[in-house]
Each structure stands twice: as C-alpha cells, then as structure tokens.
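These notes concern the structure reproduced below.
Residue numbering restarts at 1 for every chain, and letters A, B, ... go by the order of the sequence lines. These figures come from a predicted structure and were not determined experimentally.
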Amino acid sequence: MARRYWLMKSEPSAFSFNDLLDSPRNTDHWDGVRNYQARNSMQEMTKGDRVLFYHSSTAPPHVVGIAEIAREAYPDHTAFDEKSKYYDSKSSPDNPRWFMVDVRAIKKLPTIVPLADLKANPKLAKMLVVQKGQRLSVQPVTAAEYTEVLRMAGASAR
DNA sequence: GCCAACGTTGGC
DNA sequence: GCCAACGTTGGC
C-alpha cells in the first residue's frame with residue numbers, strides 16, 4: 001500500500017517533539033485520542049506512514065518535526081484505567097472503543113513552520129490545519145502538502 | 001485569559 | 001430525533 005501522510009497535534013507542554021526524540025528508540029505510543037474522526041484516521045494508518053508533528057497551544061503554533069508510524073492501531077489501554085484522565089467506562093479490553101499507534105521521531109525540521117506561514121501559502125489552502133475552527137488532533141495530509149511543508153522548512157523530502 | 005468553533009450529552 | 005447545555009480545543 002502506498003505510504004500516506006498525516007498531521008498529529010500535541011501541546012509541547014504535555015508532550016513535545018523533543019520528548020519523542022528522547023524516548024527509547026525515538027518511539028512512543030500516542031494515547032488519549034478521544035475523538036472518533038481522529039480515531040478513524042489512526043485506524044487507517046499503516047507502518048511507515050509519515051507524520052508532521054505539530055505543536056499546538058503554543059506561540060506560534062507550528063510544525064516542528066517529521067515522524068513515522070512505527071506500530072499500527074491497537075487498543076488504547078489508558079481508556080481501561082480508572083485512574084487515567086483518559087478513562088472511558090464504555091471502552092473495555094473485550095470491546096475497545098479507543099485506539100493508539102506508536103510513533104517514531106525521524107528528524108527535527110531545519111526550521112519550524114509556523115501556522116501563519118501555512119495559512120499564507122496558497123498551495124496549502126485546502127490543508128485541514130489551516131481551516132478556521134478545525135481542531136482535529138489527527139488529520140490526513142496529501143503527499144503534495146507534505147512535500148510543500150518540508151520544502152518550507154528547508155528539509156528534503158524522503 | 002478570552003472566546004469561537006465544535007463535539008458530546010442528555011432531557012424531552 | 002431534536003436541540004440546548006455543557007465541556008474542550010486551540011488560536012489569538
């Protein structure tokens with residue numbers, strides 16, 4: 001199957017791209033997604049898909065790095081943990097409602113790409129992250145959009 | 001800190 | 001099934 005491209009948001013104060021780089025094998029699981037559309041996107045992900053790692057709720061919001069899907073969707077165990085803030089009584093190991101993937105950091109971008117720059121680029125007019133009011137934490141990106149963001153960051157596509 | 005946009009919940 | 005109330009996201 002052809003490689004696909006995604007954008008995943010994280011608040012750097014909670015989990016930053018550096019945190020992912022500092023993780024064992026540059027890899028960690030992406031838990032806590034509790035939105036059906038975002039979950040559905042995660043279930044479509046295949047190993048090797050590329051991810052634009054986006055820092056939200058920071059000034060300025062920006063794309064900071066490139067990651068890849070290291071493990072395809074599996075049940076999000078934090079939903080089963082009553083002590084977790086992501087606990088959901090309607091999700092159980094027998095019938096999981098929420099899923100997560102493993103993500104591996106590939107590299108930091110030479111320069112970050114601020115949201116304002118994405119918005120100012122006509123080639124990215126249809127990109128979900130620039131749409132007003134959109135707040136999906138996991139979203140699909142086209143190959144052309146992905147390549148353009150890398151070009152803006154001074155990075156080569158690979 | 002404000003608040004618009006959006007998704008979810010629950011009463012009816 | 002409708003929709004008001006509520007909680008959350010996330011840019012500014």
Side-chain angles (χ1 to χ4, degrees), chain A residues 4-23 28-45 49-69 73-106 108-142 144-155:
Chain A
R4 295 185 66 183
Y5 302 89
W6 310 92
L7 180 145
M8 298 176 84
K9 294 180 184 174
S10 184
E11 294 189 24
S13 60
F15 188 78
S16 69
F17 191 73
N18 279 339
D19 291 334
L20 186 60
L21 277 173
D22 289 343
S23 300
D28 207 345
H29 55 274
W30 200 277
D31 63 18
V33 171
R34 295 294 179 267
N35 170 283
Y36 289 103
Q37 224 177 320
R39 179 203 67 182
N40 294 346
S41 283
M42 288 205 300
Q43 290 183 304
E44 289 178 25
M45 292 174 171
D49 280 2
R50 293 299 197 247
V51 175
L52 296 173
F53 196 113
Y54 179 88
H55 280 164
S56 63
S57 293
T58 189
H62 59 272
V63 180
V64 60
I66 303 167
E68 71 174 345
I69 301 306
Y74 59 104
D76 183 343
H77 55 75
T78 63
F80 312 143
D81 177 4
E82 285 184 43
K83 291 183 183 133
S84 169
K85 66 170 174 170
Y86 298 122
Y87 175 67
D88 182 351
S89 62
K90 300 194 183 83
S91 188
S92 68
D94 285 345
N95 189 15
R97 172 176 294 199
W98 304 113
F99 291 80
M100 56 188 181
V101 294
D102 285 356
V103 172
R104 184 181 78 84
I106 295 178
K108 226 174 193 175
L109 294 173
T111 60
I112 63 166
V113 184
L115 177 61
D117 289 6
L118 299 177
K119 287 184 171 174
N121 187 335
K123 288 183 181 171
L124 303 178
K126 290 186 177 167
M127 201 173 174
L128 290 176
V129 75
V130 309
Q131 306 304 319
K132 184 183 178 185
Q134 82 74 31
R135 46 179 207 177
L136 259 186
S137 62
V138 178
Q139 49 185 257
V141 170
T142 68
E145 289 163 349
Y146 177 83
T147 304
E148 179 64 9
V149 172
L150 262 55
R151 190 195 62 75
M152 293 170 77

Find every protein N or O atom lying less than 3.5 Å from an N or O atom of nucleotides 8-12 of chain C, and list the pairs.
| from | atom 1 | to | atom 2 | distance (Å) |
| --- | --- | --- | --- | --- |
| C:dT8 | O2 | A:R135 | NH1 | 2.5 |
| C:dG10 | OP1 | A:K9 | NZ | 3.0 |
| C:dG10 | OP1 | A:R135 | O | 2.8 |
| C:dG11 | OP1 | A:Y54 | OH | 2.7 |
| C:dG11 | OP2 | A:S57 | N | 3.0 |
| C:dC12 | OP1 | A:K119 | NZ | 2.9 |

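Scored by the side chain to side chain donor-acceptor pair (under 3.5 Å) test, A:Y36 finds A:R97 as partners (sequence neighbours excluded). A:E44 pairs by the side chain to side chain donor-acceptor pair (under 3.5 Å) definition with A:R4, not counting sequence neighbours. Listed by chain and residue number, A:Q43 satisfy the side chain to side chain contact (heavy atoms under 4.5 Å, CB included) test with A:N40 (two or more places apart in sequence, or in another chain). Remark: A:D22 engages no residue in a side chain to side chain contact (heavy atoms under 4.5 Å, CB included) (not counting sequence neighbours).
Between A:Y5 and A:Y146, the ring planes lie tilted relative to each other; the angle falls in the 30° to 60° range. Using the six-membered ring where Trp is involved, A:F15 and A:F53 have ring planes that are tilted, between 30° and 60° apart.
In this structure, A:D76 contributes its side chain and A:G32 its backbone to a donor-acceptor pair below 3.5 Å.
Computed from C1' positions of five pairs at each end, the angle between the two local axes of the helix from B:dG1-C:dC12 to B:dC12-C:dG1 equals 10°, rounded to 10 degrees.
A sub-4.0 Å separation between OP1 or OP2 of B:dA4 and a side-chain N or O of A:K132 is absent.
Side-chain atoms of A:S16 and A:D19 include a donor-acceptor pair closer than 3.5 Å.
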